[in-house]
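Below is one structure, written out as structure tokens, with a few remarks after it.
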Amino acid sequence: MKDLAPNHRLNKTFLPIIFTFIGCLIFIAALKNHIFFLGPVILISVIIGYLFARRSYNEHANAFYDSEFLYLTYKSGTIKIKLQDIISVRLSKPEVKLMGIPYHDYMITYQNEDRSKNSYSFLVNSINYNIESFEKMINYYSPNTRIDHY
């Protein structure tokens, strides 16, 4: 199995933590003259940031694939999606830059077993080489799948 979304869970966890840290710095600067309110505001911000990061980590999956399936591994279990059930794949223009590396939004739309549509998206950087091999595999096993690059 190859990893399609390396560190996806990690990225979704650290972004809330980074935003919480920045928010705390802003609160410190804004409330420097009101020391009495500063402690409770920082504590509430840290608790909210922690809960959001924990929820984000638990609800987002990492994606792996092989020649037959795409596997979405959540903390609660794994979902297996046949490559033939993938409807479309979309790679957007770089929307986010982290430490100088551009990240793209990569969205996979697929059909569930009950024929309803669902999607999975994650951030991918330009260094991820498994995207190209994944798309080649999809073209081979499911030539009707639409692959878009913007």
With rounding to the nearest 0.5 Å, note down the distance linking [atom1] in [X] to [atom2] in [Y].
| X | Y | atom1 | atom2 | answer |
| --- | --- | --- | --- | --- |
| Leu31 | Ile26 | CG | CD1 | 11.5 Å |
| Gln111 | Lys82 | CD | NZ | 11.5 Å |
| Gln84 | Asn144 | CD | CG | 11.0 Å |
| Thr73 | Lys80 | OG1 | NZ | 13.5 Å |
| Asn33 | Leu38 | CG | CG | 10.5 Å |

Indicate the atoms forming the closest heavy-atom contact of [X] with [Y], along with that distance.
| X | Y | result |
| --- | --- | --- |
| Phe134 | Leu70 | CE1-CD1, 4.2 Å |
| His149 | Glu135 | NE2-OE1, 3.0 Å |
| Ser119 | Thr109 | CB-OG1, 4.1 Å |

Is it true that a side-chain atom of Asn112 and a backbone atom of Asp114 form a donor plus acceptor pair closer than 3.5 Å? no

Donor-acceptor pair, Ser45 side chain versus Val41 backbone, under 3.5 Å? yes

Assess whether side-chain contact (heavy atoms from CB on, under 4.5 Å) is satisfied between Ile138 and Tyr65, documenting all intermediate values. CA-CA 10 Å; Ile138 288 177; Tyr65 71 97; over 6 Å; no

Applying the 4.5 Å side-chain criterion to the ILVMFWY set and letting contacts propagate, would [X] and [Y] be lumped into a single cluster?
| X | Y | result |
| --- | --- | --- |
| Leu72 | Ile131 | yes |
| Tyr141 | Ile79 | yes |
| Ile28 | Val46 | yes |
| Val89 | Met107 | no |
| Ile86 | Ile147 | yes |

Are the side chains of [X] and [Y] in touch, meaning some heavy atoms are under 4.5 Å apart?
| X | Y | answer |
| --- | --- | --- |
| Tyr106 | Arg90 | no |
| Ile44 | Phe27 | no |
| Met137 | Lys2 | no |
| Asp85 | Phe69 | no |

Tyr110: which residues meet the ring-ring contact (aromatic ring centres under 6.0 Å, His included) condition with it, sequence neighbours left out? none

Any donor-acceptor N or O pair under 3.5 Å, side chains Tyr140, Ser67: no

Using links of under 4.5 Å between side-chain heavy atoms of ILVMFWY residues, direct or through other members, which residues join Ile87 in one cluster?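 Via sub-4.5 Å side-chain contacts, Ile87 links to none.
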
Taken in chain and number order and not counting sequence neighbours, the residues that satisfy salt bridge (charged side-chain N to carboxylate O under 4.0 Å, His left out) with Asp66 are none

